[in-house]
Amino acid sequence: MITEEDRRNARLIWGFQQMGHKPKRCSVAVGLGSHDLGVAEATADFYLRGLAPLVVFTGATSPTTEDRMPRGEAVHYKERAVEMGVPASHILVEPNARNTGENLRLTRQLLEDANFQVTSVLLVSKPYEERRAYATARMVWPEVEIVSASASISYDAYTRAIGNERLVIDMLVGALQRLIVYPEQGFLISQEIPTSVRAAYESLVTAGYSTRLLRS
């Protein structure tokens, strides 16, 4: 059972995870693969609003996507974007990445191989992954400007759309844990985490939201 305290803590972490960057025109829009097709839709919307001349979708499959996206996350993302009106010729697919670091490293290499000049990236992720995506990009691709973005949606609307609130809370907890432990492993830059956010995280872990936690 999800308590109201659990929801308050989840909403607090949700708000912290969003960077508050204002989407603006960038060299390229990069959609990070996941189980959530909303990332593809948000990336397509940014393209259709004229915020990038080129889209890259990056992602292979994972245990949470292999059934729903058997051809790979990036391929399914491209198909959805084309349905929304993005020209297929304006989309590149990076089909091999299996984590956020690989998403960014392989996308960077793909664009370099295509001789596409990048000075800024509109980096599109799930709403609760904005901060982690940004922190990873600053480590992997430090010479470009990163604008971290996602679909404009509230916690409550997002959980209704996903249809599994417990999964969303588990994901929120896992994303915050990575912000805490990954800097010391060199995967992303360190960011200050407010005491209230850490307390919310610890409360949710104690309450059993642990399926996305890294194990030591």
Side-chain angles (χ1 to χ4, degrees), residues 1-24 29-46 51 59 62 64-65 68 73 77 99-101 103-104 121-139 146-183 187-214:
M1 179 178 177
I2 299 172
T3 68
E4 285 307 309
E5 180 182 3
D6 295 341
R7 289 192 175 97
R8 284 194 298 272
N9 287 327
R11 291 186 186 110
L12 181 62
I13 296 173
W14 174 276
F16 171 70
Q17 291 284 16
Q18 296 185 345
M19 298 292 295
H21 292 175
K22 183 177 180 179
K24 65 177 184 177
V30 176
L32 300 178
S34 73
H35 66 276
D36 183 2
L37 267 179
V39 176
E41 293 168 351
T43 308
D45 180 63
F46 290 135
L51 298 184
S62 71
T64 59
T65 63
R68 296 179 60 232
E73 296 157 7
Y77 274 25
N99 57 58
T100 308
N103 286 139
L104 291 156
V121 174
L122 185 57
L123 186 60
V124 189
S125 63
K126 299 184 292 297
Y128 57 84
E129 290 277 11
E130 277 191 25
R131 189 170 291 276
R132 177 184 168 198
Y134 173 82
T136 305
R138 295 303 302 139
M139 177 66 70
I146 302 296
V147 179
S148 194
S150 65
S152 180
I153 188 170
S154 69
Y155 168 85
D156 296 281
Y158 187 82
T159 55
R160 287 194 297 270
I162 294 297
N164 186 337
E165 186 175 10
R166 188 170 191 94
L167 172 64
V168 174
I169 298 177
D170 279 334
M171 293 286 194
L172 279 165
V173 169
L176 191 67
Q177 184 201 33
R178 285 156 177 79
L179 282 181
I180 295 170
V181 303
Y182 273 0
F187 295 154
L188 46 78
I189 65 167
S190 179
Q191 296 184 85
E192 183 178 354
I193 300 174
T195 301
S196 60
V197 174
R198 282 185 178 267
Y201 161 78
E202 291 166 1
S203 177
L204 289 171
V205 171
T206 300
Y209 296 93
S210 59
T211 66
R212 298 295 296 178
L213 290 177
L214 299 167

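What you see is a predicted model, and the numbers here were worked out from it, not measured in a lab.
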R8 side chain near T3 side chain, heavy-atom distance below 4.5 Å: no

From I180 atom CD1 to L176 atom CG, the distance as rounded to the nearest 0.5 Å: 4.5 Å

Short side-chain donor-acceptor distance under 3.5 Å, N9 and Y201: no

Closest non-hydrogen atom pair between I153 and W14, with its separation: O-CZ2, 3.4 Å

Point-to-point distance, once rounded to the nearest 0.5 Å, from CG of L188 to CG of L179: 6.5 Å

Minimum heavy-atom distance D6-A207, with the two atoms named: OD1-CB, 4.0 Å

Under 3.5 Å: donor-acceptor pair, side chain of R178, backbone of G174: yes

Heavy-atom side-chain contact between E73 and H35 under 4.5 Å: no

All ring pair (Phe, Tyr, Trp, His ring centres under 6.0 Å) counterparts of Y134, not counting sequence neighbours: H21

Approximate separation, where rounding is to 0.5 Å, of L12 CG and R198 CZ: 13.0 Å

Atom pair OH (Y158) and OG (S150), whose distance is rounded to the nearest 0.5 Å: 9.0 Å

Test item: L204 and I13 side chains (from C-beta on) under 4.5 Å apart, heavy atoms: yes

Note: R132-E129 ion pair, threshold 4.0 Å (strictly below): yes

Sub-4.5 Å side-chain heavy-atom contact between V124 and V30: no

M171 vs R166 side-chain heavy atoms within contact, under 4.5 Å: no

Carboxylate-amine/guanidinium proximity below 4.0 Å for D156 and R11: yes

Minimal non-hydrogen separation, A149 against P23, with atom names: CB-CG, 4.5 Å

Interatomic distance, L122 atom CG to K24 atom NZ [nearest 0.5 angstrom]: 10.0 Å

Side chain S148, main chain E130, donor-acceptor under 3.5 Å: yes

Residues V173, R212; criterion side chain to side chain contact (heavy atoms under 4.5 Å, CB included); working and verdict: CA-CA 7 Å; V173 169; R212 298 295 296 178; over 6 Å; no

Side chain to side chain contact (heavy atoms under 4.5 Å, CB included) between L123 and V147, worked out: CA-CA 6 Å; L123 186 60; V147 179; over 6 Å; no

Closest contact, heavy atoms only, T136 versus F187: CG2-O, 3.8 Å

If you look only at distance, which donor and acceptor atoms sit under 3.5 Å apart when one is on a side chain in residues 38-46 and the other is two or more places apart or in another chain?
| unit_1 | atom_1 | unit_2 | atom_2 | d |
| --- | --- | --- | --- | --- |
| E41 | OE2 | R80 | NE | 3.0 |
| T43 | OG1 | V39 | O | 2.7 |
| D45 | OD2 | R49 | NH1 | 3.3 |

Modelled atom types, side-chain donor and acceptor of Q18 and R131, under 3.5 Å: no

pair Y155-Y128: side-chain heavy atoms closer than 4.5 Å: no

Minimum heavy-atom distance between L32 and S125, given as atom pair plus value: CD1-CB, 4.1 Å

Side chains of L172 and Y209 in contact at under 4.5 Å (non-hydrogen atoms): no

Side chain S203, main chain A199, donor-acceptor under 3.5 Å: no

Donor + acceptor pair across side chains of S34, Y77 (<3.5 Å): yes

Chi angles and distances behind the salt bridge (charged side-chain N to carboxylate O under 4.0 Å, His left out) call for R160, E165: CA-CA 7 Å; R160 287 194 297 270; E165 186 175 10; over 6 Å; no

Heavy-atom closest pair, residues S154 and A157: OG-N, 3.1 Å

Interatomic spacing from CD1 in I162 to CG in L167 - rounded to 0.5 Å: 7.5 Å

